[in-house]
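Reviewing the structure listed below.
In the text below, chain A, chain B and the rest are named by the order of the sequence lines, each starting its count at 1.
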There are 2 protein chains.
Amino acid sequence: MQTQGRHAMTNSSQNSTKCSTGGGALSCPPLKTHPSSFADVLQLLGAEGADLSAASQIPMVLRRVHGGESLAHEGTPADALFFVCAGTFKIFRTNEDGYEQVLAFAIRGEVLGFDALCMDSYPTAVSALEESSVYVVLKRDVFALSQLIPSFGVALQRAGSMTLTRSRELVELLAAVASEVKLARFLIQLSRRMAGCGQSPRRFHLRMGRREIASLLGVAHETVSRAFSALAAMGMVDVSDREVEILDLDGLKNFARSTRRHLNESSESRLPRPMVQRSDTGRRTMARALAA
Amino acid sequence: MQTQGRHAMTNSSQNSTKCSTGGGALSCPPLKTHPSSFADVLQLLGAEGADLSAASQIPMVLRRVHGGESLAHEGTPADALFFVCAGTFKIFRTNEDGYEQVLAFAIRGEVLGFDALCMDSYPTAVSALEESSVYVVLKRDVFALSQLIPSFGVALQRAGSMTLTRSRELVELLAAVASEVKLARFLIQLSRRMAGCGQSPRRFHLRMGRREIASLLGVAHETVSRAFSALAAMGMVDVSDREVEILDLDGLKNFARSTRRHLNESSESRLPRPMVQRSDTGRRTMARALAA
DNA sequence: CGATCAGTTGAAGGGTCTCAACGCGAGTGG
DNA sequence: CCACTCGCGTTGAGACCCTTCAACTGATCG
């Protein structure tokens, strides 16, 4: 689907700060109230249903979020937690220079605002990249909810733990590789997450622009563009604007293993490496060789 | 204190994989058992004491960890959660090439193994950088403990949230700056965390080596060394091996604000920068000018 | 005391940033 | 309807920061 042209999402995924509501997390029209919402959230987070008749007085609404709309603003009072039901979100911070640093992308099943549990205001901003929906839980209700529905507390812990794992994977991605390898790892992570949501792991539509990917990966957006071209020239992927198809997943995974130092300081190397030769970095050579 | 020479911690902070216990988190001699341990942990995490007489059958021990010893190995079954009571830890992953990617450092008050809550085996390894101690809580007891001592569950959530916030700050650090700025931001974060533990925010002893800092920051260790020299030449810090003194915290913070693009896509620049001239990137110029 | 390792510094090369130009699509308003 | 504007994505060219290799110092340890 989505056979529309190049910038189909342009009008909705532009610079945020548009039609955001800011405060008042429950101020949007609730499409659904609490009879089965708890069950939905628990299923969303991968937990088994339990005695969820207890918490009938605690509000939990499904909120619809338009593309470009903000769920949370950096520095504003943090009153709610969100569970992504559908759509895509970006988590970011805005520098005082105006530079937008993307910290993560979130899709179905993930929790938003978990980093605000330990403080009074949101440390990061959240905005939707497309038409999305989230379950809203007020922070002041989290404790009671965890008491009344124990599996909710467990599921919340698991979701937070998962978010931390994702963030650590991102650190690993950012810290020690060349730009094409960064992009390859990013695509693999994305592919895994899409598969976890029942989507195709080989072919998907990027909800974010090149600039946002570049911000996440810590490179210039031109470099992301060049990296896409390089991966395509290597036959790993097929890219047409935001439509991505992974042609050679094994090759991509193998390429994503490239490290910065091809010969590192571990003296007694556990696995001897016979194929790397001196006087050549190896990674760029590998890319060029495969591209030729 | 610690007037010893350059590599005082060498024998204890060397390559890990030494006297690690691996499995069996409770297999070390417990120095203390549960009467007041819960109160200690709650205070450690910044929560107020509560009805902690309920959970007298749940084991919670204070485990001593020697420098270089591992608390968790990547991929081994995850059975426990740890709360740092004293000392310093590094969280890292080892690439199949043997390259050690540091993901975070942890000090007093932080939780270790939170990312393992959502899976069966530890996704990251943890080892001590110095003589340290942690409270050990078995994963299978976390649920019961949260039920019996509600403030424990809240404190655990807060600790996880804090860890996620730290990880996001690290992503921000890694993603978009030059090496000296990276180091400056790293030092500022470290300073803040030291202050949070009651230590001096201006003068402290680095528990980790240049290679480990370099791995965290995603640069070569020589670059870290040069960045230290550059910050010292700018008069920001005074560095003698692992002893660091921050001389000009305001200047350091100001310098840490430097972004990659000195003229970014925000049209109306709020702070005009008069000293940068064309045909020069500006950040290196700034460093050299201050160093001269 | 030789070996080893952490840390520093220098020199050369290359990958990335930055600036620039171009094509393209969408929205706007004449 | 169509020029116009705007933003996204791509590609090229030059400058430069970082990586890599190398050598050196100093300290620890067997």
* Nearest to the side chain of B:Ala220, which nucleotide is it out of D:dT19, D:dT10, D:dC8? -> D:dT19
Is [X] close enough to [N] that one of its side-chain N or O atoms is under 4.0 Å from OP1 or OP2 there?
X        : N      : answer
A:Arg226 : D:dG12 : no
B:Arg210 : C:dC5  : no
A:Ser179 : C:dG15 : no
A:Ser225 : D:dG9  : no
B:Ser229 : C:dT9  : yes

Quick one: [X] [atom1] to [N] [atom2], roughly how many Å, whole number?
X        : N      : atom1 : atom2 : value
A:Leu217 : C:dT16 : CG    : C1'   : 14 Å
A:His221 : C:dT18 : NE2   : P     : 10 Å
A:Glu180 : C:dC17 : CD    : C1'   : 15 Å
A:Asp241 : C:dA26 : CG    : C1'   : 13 Å
A:Glu212 : D:dG7  : CD    : P     : 15 Å
A:Phe228 : D:dC8  : CZ    : C1'   : 13 Å
B:Arg211 : C:dT8  : CZ    : P     : 11 Å
A:Leu206 : D:dT10 : CG    : C1'   : 16 Å

* To do: Give a yes or no answer on whether the side chain of B:Glu130 reaches the backbone of B:Thr88 with a donor-acceptor pair at less than 3.5 Å.
  =>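 It does hold such a pair.
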* Asked: When you measure from the side chain of B:Arg210 to the backbone N and O of B:Asp241, does any donor-acceptor pair fall under 3.5 Å?
  ->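 Side chain of B:Arg210 to backbone of B:Asp241, a donor-acceptor pair under 3.5 Å: yes, one is there.
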* Asked: Does a side-chain N-to-carboxylate-O contact under 4.0 Å join A:Glu169 and A:Arg192?
  ->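 No, no charged N to carboxylate O under 4.0 Å.
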* Is there a donor and acceptor pair, one atom on the side chain of B:Glu222 and one on the base of D:dC21, closer than 3.5 Å? ->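 Yes, a donor-acceptor pair under 3.5 Å.
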* To do: Measure the spacing between OG of A:Ser179 and CZ of A:Phe186 and express it to the nearest 0.5 Å.
  =>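 Spacing of OG (A:Ser179) from CZ (A:Phe186) equals 14.0 Å.
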* Asked: Can you list the steps and then say if A:Phe82 with A:Val65 is a side chain to side chain contact (heavy atoms under 4.5 Å, CB included)?
  -> CA-CA 11 Å; A:Phe82 310 94; A:Val65 191; over 6 Å; no
